[in-house]
Amino acid sequence: MQVDKKTLAVLAQRGWQAGAGLITLFCIARYLSPAEQGYYYTFASLAGLQALLDMGLSTILVQQAAHEFAELTWLPHGAVVGKNVGRYLALTKKALYWYGASGLLFLLVYPGGLYFFSHRPQESDLAWQQPWLVLVVSTAVGLALLPVLAIVEGSGKVVEVYSLRLVQGIVGAIAIWFTLMQGGGLYAVAMMPASAALIALVWALFRYPKLWVSALFGISGDFGWWRELWPMQWRLGISWLCGYFLTQMHTPLLFQTQNAVVAGQMGVTMTVCNMLGLLSLAWMTSRIPVLAKAAGQQDWDLLDKEFKKGFKRSLAVFVLGAVFFVLIRYAADYTAYGVRFLPFWETFVLIGAILFAHISGLLAIYLRAHRKEPFLWLSLSGALLTVGGSVWLAPSWGSAGIVLVLFLVNVGFGFPTSLVMWVMLRKKWHAII
């Protein structure tokens with residue numbers, strides 16, 4: 001299991017995220033009631049609606065920046081020189097404008113949340129209004145700063161960006177724990193996005209001031225956003241929105257159809273499954289700039305070699321982590337914390353569903369390195385099947401119905417279809433490009 005410097009940086013950030021997440025789960029179970037746990041994870045799921053405004057652009061920016069920075073060089077304080085530097089600055093400028101507008105639009109989630117949570121009279125004694133406001137504002141600021149990290153990461157500074165994200169994760173986790181232990185309750189859910197936004201802002205202003213000044217106020221080149229990025233962005237945006245419905249909509253749905261306690265069980269179990277995915281993706285995420293550059297240069301041998309290494313290691317880490325979690329979940333039934341998770345067999349089936357979704361995601365990374373988004377209709381179809389089945393079964397079957405739908409859609413439809421598409425498109429694109 002070889003680890004280069006870039007993978008180590010990503011792994012450190014993801015490893016901390018996973019380890020700190022487990023401590024956070026314990027603190028939530030220790031300091032929040034089951035109903036508050038449900039609000040906590042429902043808050044987090046609704047904040048995930050930022051993916052609708054991101055539209056997958058943060059991923060595309062990393063790949064596009066890698067292409068644009070191929071003949072450029074960094075100077076002190078974030079100055080950039082080289083051939084066609086104007087295109088890189090134009091890309092940066094338009095990305096900052098896009099996300100600035102997106103951050104403002106995200107504030108509209110606040111009144112929507114007020115309406116959503118006001119229909120829970122049985123938990124009317126919980127003080128959730130102010131924490132919800134803090135979460136929405138901090139998430140909006142963080143959304144506006146997303147291109148700051150993506151643009152720099154795409155230039156090849158993977159180690160630096162993931163080191164920064166590691167700092168964000170450490171500070172954010174400590175802030176969550178401190179807030180919970182001090183009786184801050186639901187305010188804890190806003191600590192991670194708030195601290196991450198503050199740290200990213202300070203880093204951008206002090207580490208790369210000339211980049212942002214040159215992009216916003218200098219003379220930039222010509223970059224056709226609608227011609228070069230939008231065709232892939234809107235497709236990937238739909239895929240990301242579908243991904244939200246596949247991973248985040250279940251907690252709010254159970255919150256409305258069942259109660260806050262069941263929503264909390266789904267939220268905490270899904271959080272652990274997502275942690276497994278994020279941690280195991282480290283071996284692939286660190287390779288995205290290399291994959292994009294190899295695809296752009298039509299170096300198919302390098303592309304396949306890097307993907308194969310990342311795929312095998314990512315899958316191995318996920319499986320090992322899944323086995324460990326299943327054992328922990330089984331042991332939890334003999335403690336007071338077992339009731340904070342989904343029942344054991346529901347947890348087991350859910351992990352299987354997420355495993356096959358993870359494999360499909362790895363195949364998607366390979367194809368997207370070609371700056372194309374072929375999984376649009378696959379993601380849309382999978383999301384429609386999942387949403388339709390979940391809405392149908394959740395009122396009567398509860399969390400068991402949602403887990404069953406996820407397993408059937410991911411294993412019976414998403415995985416085999418994505419595998420067939422990967423084989424066919426890889427053969428087609430490498431033959432004609």
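The figures here come from the full heavy-atom set of this structure, side chains too, leaving out hydrogens, waters and symmetry mates.
Side-chain N/O atoms of Arg368 and Gln63 include no donor and acceptor closer than 3.5 Å. Side chain to side chain, Gln168 and Trp203 fail the donor-acceptor criterion of an N or O pair below 3.5 Å. Counting only N and O atoms by type, the side chains of His250 and Ser399 include no donor and acceptor under 3.5 Å apart.
Side-chain contact between Leu291 and Ile365 is present, with at least one heavy-atom pair separated by less than 4.5 Å. Contact annotation: the side chain of Ser390 approaches that of Leu253 to within less than 4.5 Å [non-hydrogen atoms, C-beta and beyond]. Leu57 places a side-chain heavy atom less than 4.5 Å from the side chain of Asp54. Looking at Ser314 and His358, their side chains come closer than 4.5 Å, going by heavy atoms from C-beta outward. In this structure, Leu315 and Leu355 have side chains that are in contact, with non-hydrogen atoms separated by less than 4.5 Å. Using a 4.5 Å heavy-atom cutoff, the side chains of Tyr208 and Val148 are not in contact. At a threshold of 4.5 Å between non-hydrogen side-chain atoms, the residues Phe178 and Met191 do not count as touching.
Taking each heavy atom of Leu135 and Pro193 in turn, the nearest pair found is CD1-CG, 3.9 Å. The shortest heavy-atom contact between Trp429 and Pro374 is CH2-CG, 3.9 Å. Residue Phe341 comes nearest to Val272 through the heavy atom pair CE2-CG2, 4.4 Å, listed as atom of the first residue, atom of the second, then distance. Scanning all heavy atoms of the two residues, the minimum distance from Tyr41 to Gly264 falls at CD1-O, 4.1 Å.
A distance of 4.5 Å separates CG of Leu25 from CE of Met275, quoted to the nearest 0.5 Å. With rounding to the nearest 0.5 Å, the separation of CG in Leu146 from CG in Leu61 is 9.0 Å. Of the inter-residue distances, the one linking Thr139 atom OG1 with Leu143 atom CG reads 8.5 Å to the nearest 0.5 angstrom. Expressed to the nearest 0.5 Å, how far CD of Gln258 lies from OG of Ser396 amounts to 8.5 Å. The distance from the CG atom of Leu46 to the CZ atom of Phe116 is 5.5 Å, given to the nearest 0.5 Å.
Ring planes of His430 and Tyr366: tilted class, angle from 30 to 60°. Between Phe311 and Phe307, the ring-plane angle classifies as tilted under the 30° and 60° cut-offs. Ring geometry for Phe26 versus Tyr337: interplanar angle of 30 to 60°, hence tilted. Ring planes of Trp230 and Trp98: tilted class, angle from 30 to 60°.
Aromatic ring centres of Trp132 and Tyr39 lie farther apart than the 6.0 Å criterion allows. Aromatic ring centroids of His370 and Trp300 lie under 6.0 Å apart.
Sorted by first and then second residue, the ring pair (Phe, Tyr, Trp, His ring centres under 6.0 Å) pairs involving residues 391-421 (not counting sequence neighbours) are Phe356-Phe415.
Salt bridge status for Glu153 with Arg165: present, with a side-chain N to carboxylate O gap under 4.0 Å.
Residues that satisfy the salt bridge (Lys or Arg N to Asp or Glu O under 4.0 Å) test with Asp299, not counting sequence neighbours, are absent from this structure.
For CE of Met181, the number of neighbouring non-hydrogen atoms (other residues, nucleotides, ligands) closer than 6.0 Å is greater than 12. For Phe324, the CZ atom counts as loosely surrounded, since its 6.0 Å shell holds 12 or fewer non-hydrogen atoms of other residues, nucleotides or ligands.
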